[in-house]
Protein chains: 2
Amino acid sequence: MPENDPTPSEQSETAERFNQARTAQALALLEDYTEMIDDLIRDHGEARVTEIASRMGVTHPTATKAIARLKREGLAVSRPYRGVFLTEAGTRMAARVRTRHRVVVDLLLAVGVPGEAAKLDAEGIEHHVSDDTLHAFEAFLRARGQV
Amino acid sequence: MPENDPTPSEQSETAERFNQARTAQALALLEDYTEMIDDLIRDHGEARVTEIASRMGVTHPTATKAIARLKREGLAVSRPYRGVFLTEAGTRMAARVRTRHRVVVDLLLAVGVPGEAAKLDAEGIEHHVSDDTLHAFEAFLRARGQV
DNA sequence: GCACAATTAAAGCCATGGCTACACTTTTGT
DNA sequence: ACAAAAGTGTAGCCATGGCTTTAATTGTGC
Ligand SMILES: [Mn+2]
Ligand SMILES: [Mn+2]
Ligand SMILES: [Mn+2]
Ligand SMILES: [Mn+2]
């Protein structure tokens with residue numbers, strides 16, 4: 001059985017696949033929080049820690065830590081005892097993430113996934129949808145006139 | 001603007017969505033390792049730590065820790081300096097996960113996702129595909145005669 | 001304008017999943 | 001048979017993302 005080992009010192013295709021999945025997952029939290037903060041500012045004019053935590057389903061110290069990471073990565077700023085605000089980069093991420101989220105839900109619905117499952121599963125799936133896949137989803141929806 | 005707060009002491013729909021995504025993610029590592037170990041035993045008659053680590057794209061101590069968790073959760077057993085083996089539960093998980101992985105790849109291909117992206121993205125997406133969604137995917141593929 | 005409620009911050013605990021460094025066992029080649 | 005190589009185990013470090021508890025600040029009602 002010829003084990004076709006890929007050129008030495010190079011990762012197997014399998015390993016690369018898992019590495020990409022891990023990288024995508026590492027961004028998931030940032031993506032969900034920026035989208036959420038953007039939502040809150042649209043709907044309420046401000047994004048408060050307690051409200052963010054409540055909607056994310058975590059305690060407020062957990063949300064505070066996540067926001068600290070957003071700030072560290074240049075996606076958000078905040079004023080103590082006031083709200084959280086997105087930077088330019090954060091706003092761009094929120095816009096991209098919102099669109100992708102919507103496309104994923106629409107795609108799931110278009111292939112026949114029940115509404116409830118589509119909403120639930122999309123929250124996790126979205127973070128693993130690459131640009132290529134997103135474009136394919138959009139093309140599929142367009143071809144179906146579902147967009 | 002009437003904020004329709006869901007019955008007090010009950011999580012918002014949004015929070016539930018994020019909680020489900022977190023729960024699914026917590027199982028991802030177990031799912032990928034059981035599938036991998038099952039693959040290795042099929043192809044090589046045994047699953048060794050070094051080989052598992054290499055294919056997962058991690059160092060061997062990282063794989064050893066993951067295997068420790070599999071054992072703790074009753075999915076695998078191992079004999080020191082020998083291989084890793086799946087329990088009944090582990091074998092069942094591997095079978096379920098393998099099928100789901102294949103269906104996800106096929107679904108992505110069927111809606112027009114390029115092969116390379118389908119293979120890469122499926123590795124992360126699969127863990128967030130619920131039973132309802134999986135069944136919808138299968139129905140869609142059947143209707144297309146792509147199964 | 002003050003007491004109390006609500007919000008936010010800060011500290012510290014735990015589990016997970018990466019890593020490196022080092023020790024030990026098994027396998028291999030001569 | 002034994003030395004070297006490969007494989008495996010173990011210890012300990014770090015970052016992340018959950019949590020509870022306690023302190024500080026802000027907002028509210030009277
Ligand atoms: Mn999400
Ligand atoms: Mn989302
Ligand atoms: Mn996977
Ligand atoms: Mn898989």
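None of the values given here were measured: they were computed from a predicted structure. A, B, ... follow the sequence lines: proteins, then strands. Residue 1 opens every chain. Just so it is clear, the values below take in all heavy atoms, side chains as well, and ignore hydrogens, waters and symmetry mates.
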Point to revise | ILVMFWY cluster membership beyond B/Leu70 - transitive side-chain contacts under 4.5 angstrom | key: A/Phe18, B/Leu27, B/Leu29, B/Leu30, B/Tyr33, B/Met36, B/Ile37, B/Leu40, B/Ile41, B/Val49, B/Ile52, B/Met56, B/Val58, B/Ile67, B/Leu75, B/Val84, B/Leu86, B/Met93, B/Val97

Check your understanding: Hydrophobic cluster mates of A/Phe85, side-chain heavy atoms under 4.5 angstrom, ILVMFWY only, any path?
Key -> A/Val77

Which residues share a side chain to side chain contact (heavy atoms under 4.5 Å, CB included) with [X], sequence neighbours left out:
X       : value
B/Arg42 : B/Asp38, B/Arg98
B/Thr59 : B/Pro61, B/Thr62
B/Glu16 : B/Gln11

Practice item. Identify, with sequence neighbours excluded, every residue that meets ring-ring contact (aromatic ring centres under 6.0 Å, His included) alongside A/His128. Key: B/His128

Point to revise | Protein-nucleotide distance (A/Ile52, atom CD1; D/dG18, atom C1'), rounded to Å | key: 17 Å

Check your understanding: Is B/Thr64 near enough to D/dT8 that one of its side-chain N or O atoms lies under 4.0 angstrom from OP1 or OP2?
Key -> no

For nucleotides 15-19 of chain C, which of its nitrogen or oxygen atoms have a protein nitrogen or oxygen under 3.5 Å away, and what is each distance?
from	atom 1	to	atom 2	distance (Å)
C/dT16	OP2	B/Arg72	NH1	3.2
C/dG17	OP1	B/Arg69	NH1	2.8
C/dG17	OP2	B/Arg69	NH1	2.9
C/dG17	N7	B/Lys65	NZ	3.4
C/dG18	O6	B/Lys65	NZ	2.6
C/dC19	OP2	B/Thr59	N	2.9
C/dC19	OP2	B/Thr59	OG1	3.0
C/dC19	OP2	B/Thr62	OG1	2.9

Practice item. With sequence neighbours excluded, tell me which residues meet side-chain hydrogen bond (donor to acceptor under 3.5 Å, both in side chains) with A/Lys71. Key: A/Ser78

Review point. Strictly by modelled atom types, are A/Gln25 and A/His127 linked by a side-chain donor-acceptor pair under 3.5 Å?
Key: no

Distances for protein N or O near nucleotides 24-28 of chain C N or O, under 3.5 Å:
from	atom 1	to	atom 2	distance (Å)
C/dC24	O2	B/Tyr81	OH	3.3
C/dT25	O4'	B/Tyr81	OH	3.3

